[in-house]
Protein chains: 4
Amino acid sequence: MARGINKVILVGNLGNDPDVKYTQGGMAVTTISLATSSVRKDKDGNQQERTEWHRVKFFGKLGEIAGEYLRKGSQVYVEGSIRYDKFTGSDGVEKYFTDIVADEMQMLGGRGEGGGGGGGGNYERSAGGGQRPQRQESAAPRRQAPAQQPQPAMDDFSDDDIPF
Amino acid sequence: MARGINKVILVGNLGNDPDVKYTQGGMAVTTISLATSSVRKDKDGNQQERTEWHRVKFFGKLGEIAGEYLRKGSQVYVEGSIRYDKFTGSDGVEKYFTDIVADEMQMLGGRGEGGGGGGGGNYERSAGGGQRPQRQESAAPRRQAPAQQPQPAMDDFSDDDIPF
Amino acid sequence: MARGINKVILVGNLGNDPDVKYTQGGMAVTTISLATSSVRKDKDGNQQERTEWHRVKFFGKLGEIAGEYLRKGSQVYVEGSIRYDKFTGSDGVEKYFTDIVADEMQMLGGRGEGGGGGGGGNYERSAGGGQRPQRQESAAPRRQAPAQQPQPAMDDFSDDDIPF
Amino acid sequence: MARGINKVILVGNLGNDPDVKYTQGGMAVTTISLATSSVRKDKDGNQQERTEWHRVKFFGKLGEIAGEYLRKGSQVYVEGSIRYDKFTGSDGVEKYFTDIVADEMQMLGGRGEGGGGGGGGNYERSAGGGQRPQRQESAAPRRQAPAQQPQPAMDDFSDDDIPF
DNA sequence: TTTT
DNA sequence: TTTT
């Protein structure tokens, strides 16, 4: 039985466009690099800003939505859980990865009444918006999000990695 | 000793400008009416939207910041706890109130890169921004936020209500 | 579209046994009264304890599980959302209710290794544990949980109230 | 200014006794290894259990409390934030670490009324409970918590690492 | 790499 | 009463 709670709540901005891949079974696996920053005073009383870069993964339908609507700079609310993985590289060295597996996502940044006249939403509906993305194993490659942690090769993923 | 966790996380939009009041001790008590809406399918399969209106209270310094930066329509992240109160009206009828007592707040809605050219932030710094508000028991009254639940009279509040 | 986040996380103890009812459609609606307490210093520096009594509702399968496993005194983790309702009584007076609608629940209090010898788990599997409860509209009434807020009559509920 | 939300909520059990160290400035840095497990169905429909081992760090006063009251097997609620760190080992290889920096903690597992007669709390007050631990750089080493990720040497820490 |  |  499930035993324990593992919950993460993030609000941050994307450092790059989402990276969308598909498993052999055709399921979307979308990865974003999400920045959250905070300030604290160091021991000398100076303001210190620190930014964490979270690697967030969206699977399945949520992955398609994330890939379609999110863009570099978008502000987003993410809820999910932490997953730690270990891969052994071809050089025999063990590498550790930490992912946030998202199970809820919400785009932020509508215009409030306080906001002045002109335009400017937070996200741009991608061309061809409404329709469900085709399977596109060989789609034009988007720029890979350079997350703080290096990523394992996509070959290491299979449909078994979909966590639900 | 503390026993239990009582935590609320909200992301929503203000239905009205904040209502800022001050206790006799000079502490700010800012109240906002915050909408969160969600959809579900009813038993006939129709999409039904439902909006909850949360009455959120900010005390002290956080109350001053909320009163200064938030405006009707602003999108905001709030973290806090639920507090249930009971007041007996002058007619002898007991009335129940539920408040979210905020202990963290963050304004949302910066411009992402996806957002086009023009202006449009989410909030407007109020005139006289930087300086700390004077004690203003008799300040010009702002429009009262008509929260879902009616509010008890401010006379019912004292410095003892500051929850920390 | 869904707009906003309305999330509640509670860890507390039940003030009474769960109250299990069934809608006409046969869905369980289980209500518990959950205490969370905290301490703060009042303005005279004295420790003040304050307890909030949350009325938490579980629907459907989760309601059956809650009714089966939870008992007065049980410690439980609950995740859900806040719902405000207004009912007009037969006397024409409007009454306001606040519920936590649970969508996740986890019983706490397994025996850690640090805990000494003897018995004592946190919850007691009810007689007839494993099997799904029969429909029991006319089951022997359990003692009603004396939540802080009085409850509207069950007649006011219908299958439409199941929030998903 | 702070920008973003980075919040983690965990409920789990300790895999080992806490590891308490002190910085040169005399501040406690307590590390625990916390297990949260969950089940999902794999693509063949089999129940699969997966356990994440979180490395949770408590600083300062909270670190002293954690070191004093938590024990292997204890069930605990932790709230904090995720912190990613990179250390370059003496072999020149970069290593990545993920920590949960706790800012709230609560022990779980009090005796509910449902729990039978005998003993058995969840945690054991350590001998010498009430008094504040002495500075004990050279205290008898406790068994190191075997977290999923290996730990950097304590020499890599300084008072600057206290995140508040 | 984001954002303010 | 907000927002999309």
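Throughout, protein chains are lettered first and strands after them, A, B, ... in sequence-line order, and every chain is numbered starting at 1. The shown structure was predicted, so the numbers you read here are calculated from the model rather than taken from an experiment.
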A/N16 side-chain proximity, nearest of E/dT1, E/dT3, F/dT1: E/dT1

Would you indicate which nucleotide in E/dT1, E/dT3, F/dT2 comes nearest to any side-chain atom of B/A35? F/dT2

Whole angstrom value for the distance that separates P of F/dT2 from CD1 of C/I5: 21 Å

Between B/E52 (CD) and F/dT2 (P), how many Å, whole number? 16 Å

Only counting residues at least two apart or in another chain, list the ones meeting side chain to side chain contact (heavy atoms under 4.5 Å, CB included) with A/N46. A/D42, A/D44

Applying salt bridge (Lys or Arg N to Asp or Glu O under 4.0 Å) to D/E104 and not counting sequence neighbours gives none

d(CZ, A/R55; C1', E/dT2) in whole Å: 18 Å

Is the shortest side-chain N to carboxylate O distance from A/K72 to A/D17 below 4.0 Å? no

Expressed as a whole number of angstroms, how long is the span from A/Q48:CD to E/dT4:P? 21 Å

For the side chain of A/S33, starting at C-beta, report the closest nucleotide among F/dT2, E/dT3, E/dT1. E/dT1

Could you give the CE-to-P distance, from A/M107 to E/dT2, as a whole number of Å? 21 Å

Looking only at side-chain atoms of D/R3, point me to the closest of F/dT1, E/dT2, E/dT4. E/dT4

Can you tell me how far CD1 of D/I82 sits from CD1 of A/I82, rounded to the nearest 0.5 angstrom? 4.0 Å

Rounded to the Å, how far apart are A/L14 CG and E/dT3 P? 10 Å

Atom-to-atom span, CG of A/L70 to P of E/dT1 - whole angstrom: 20 Å

Where the side chain of A/E49 is concerned, which of F/dT1, F/dT3, E/dT3 is the nearest nucleotide? E/dT3

Measure CG/B/N13 against C1'/F/dT4 and give the value in whole Å, please. 9 Å

